[in-house]
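Since the structure comes first, as structure tokens, the remarks are kept for the end.
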Amino acid sequence: MKAGILGLGYWGPNLIRNFLSQSEVEKVYGCDLQDSRLNFIKSKFPSTILTKDYDEMLKNVDVVAIATPVATHFNFAKQALLMGKHIWVEKPFTATSQEAVELIELAEKRNLKIFVDHTFIYTGAVRKMKELADNGEIGDIKYFDSVRVNLGLFQHDVNVIWDLAPHDLSIMGYLLPNNKPIAVAANGIANFYEHENVAHLSVYFNNNCFAHFHVNWTSPVKIRRMIIGGDKKMIVFNDMENLEKIKVYDSGINISKREEIHEALVQYRIGDMHSPKVIQTEALSLGANEFITAINENRQPLTNAVDGLAVVKILEAAEESIKHRGKIVEI
Ligand SMILES: NC(=O)c1ccc[n+]([C@@H]2O[C@H](COP(=O)([O-])OP(=O)(O)OC[C@H]3O[C@@H](n4cnc5c(N)ncnc54)[C@H](O)[C@@H]3O)[C@@H](O)[C@H]2O)c1
């Protein structure tokens, strides 16, 4: 298999390295418009064949990974599908849900696979949380409460929700495949240019579950922490920890129902905490392997275009909400 990587900025070099390390990939091509990025890849990964011409790269490869700014994903993806190539598209999948639907239909017609890079789904920590959610250990998930802040790289074409929240939203969708998000509310502020750099996003579901995400490119400290409240146990996922990324707390609250609300008895259960072992294999390497295996087995990849569309729908609704200072927008 020959793989082409389009966009060799911040993220593209990670794709080059991980596709080069796949045994099924015999050649890796790279494409960017900037000489400085091509020179950087030439010095770090000399076996990569480099070009500034996307059309030329497309002619030579079987699969393409698109790691350019979000607004450009659709056109590059469509062009690749029309030339019969399987595609890997960086998160967020597309700039609108309409674009996502068009790509899904095109890929279906041509029996091509679309992998959307929801990288976190391939991390050991998220796979362990999935195991705990699926085997019933944490019970029904009642809420997600997440903080993803640091002095981050500003993206030029999207706000901080489009940039950072796809990670959290994809984790949420993966752990809660049967809960349907029905509405969102988002607030935020753009302190430096037209796109918000601090934002809060709430997601409402069709059942008694709620999620809140706080994202910020301008925080002096880096925090990557998610609390997942189950009615049996609760998980704290701290991605800044090297070893104990996940802590499972056997804690909760029982409320005994009384006639009068002020008589209700709140009982706290504070039990043991344990930190399960999580696999440390690089997520992108597992993602690249899943993409190639899904193509060989002619099946949808674990993180596919339908998941990408679900995330884009929430992002679109958030964009609408933020313009109206937190108005509830139905999905
Ligand atoms: N999965 C993840 O964890 C993760 C992390 C970071 C970024 N990303 C995603 O990767 C994508 C790129 O982000 P980035 O931070 O690397 O951006 P970036 O701006 O650093 O890099 C984008 C590159 O694309 C190139 N480019 C733009 N238009 C081009 C064209 N027409 N032809 C060839 N090259 C072109 C630019 O020259 C630049 O080098 C975004 O969708 C972003 O959301 C994903």
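Order of listing sets the numbers, starting from 1, for every ligand and every atom in it. Since the structure is predicted, the reported quantities are computational estimates derived from the model, not experimental observations. The chain is numbered in sequence order, starting from 1.
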*asked:* So if I count the atoms of ligand 1 from 1 in the order they appear, which ones are less than 4.0 Å from some heavy atom of Phe76?
replied: 30 (C), 31 (N)
_Ligand-residue contact atoms, ligand 1 with Thr119, heavy atoms, under 4.0 Å_ = 1 (N), 2 (C), 3 (O)
*Closest to atom 41 (O) of ligand 1 among His73, Arg37, Gln34 (heavy-atom distance)*: His73
*Members sharing Ile189's hydrophobic cluster (side chains within less than 4.5 Å)*: Val198
*Under the 4.0 Å line, does any protein heavy atom show up next to atom 19 (O) of ligand 1?*
no
*Measure from atom 11 (C) of ligand 1 to every heavy atom in Thr68, Asn75, Val89 and give the option owning the shortest one.*
Thr68
*Determine, considering heavy atoms only, which of Gln155, Lys52, His118 sits nearest to atom 13 (O) of ligand 1.*
Gln155
_Between Tyr122 and Phe115, is the ring centroid distance below 6.0 Å?_
yes
*Ring centroid separation for Phe210 and Tyr204, is it under 6.0 angstrom?*
yes
*Show which atoms of ligand 1 fall inside a sub-4.0 Å distance from at least one heavy-atom site of Leu6.*
32 (N), 33 (C)
_Close-contact set for ligand 1 against Asp117 heavy atoms, below 4.0 Å_ = 1 (N)
*asked:* Which label fits Phe291 and Phe19: parallel for a plane angle under 30°, tilted from 30 to 60°, or perpendicular past 60°?
replied: perpendicular
*Counting heavy atoms not belonging to Ile279, are there more than 12 under 6.0 Å from its CD1?*
no
_Distance filter under 4.0 Å to His167 heavy atoms, resulting ligand 1 atoms_ = 2 (C), 3 (O)
_Over-ring placement of Arg148 relative to Phe237, 6.0 Å and 45° cut-offs_ = no
*In terms of residue, atom name and distance, what is the protein heavy atom nearest to atom 10 (O) of ligand 1?*
Glu90 CG, 3.4 Å
*For ligand 1, note which part of Thr72 has a heavy atom under 4.0 Å away: side chain, backbone, both or neither.*
neither
*Mark up the atoms of ligand 1 that fall under 4.0 Å of a heavy atom belonging to Ala67, in ascending order.*
11 (C), 12 (C), 22 (C)
_Which residue is it: Leu302, Leu169, Val311? I am looking for the one with a side-chain contact (heavy atoms from CB on, under 4.5 Å) to His118._
Val311
_With respect to Asp163, determine whether any N or O atom, backbone or side chain, lies less than 3.5 Å from an N or O atom of ligand 1._
no
*Is there a path from Ile331 to Ile328 through hydrophobic residues (I, L, V, M, F, W, Y) whose side chains come within less than 4.5 Å of each other?*
no
*Out of Ala65, Gly7, Pro69, Cys31, who gets a non-hydrogen atom closest to atom 27 (C) of ligand 1?*
Pro69
*What do the steps show when you test Asn197 against Phe192 for side chain to side chain contact (heavy atoms under 4.5 Å, CB included), and what is the final call?*
CA-CA 8 Å; Asn197 51 291; Phe192 301 96; 3.6 Å; yes
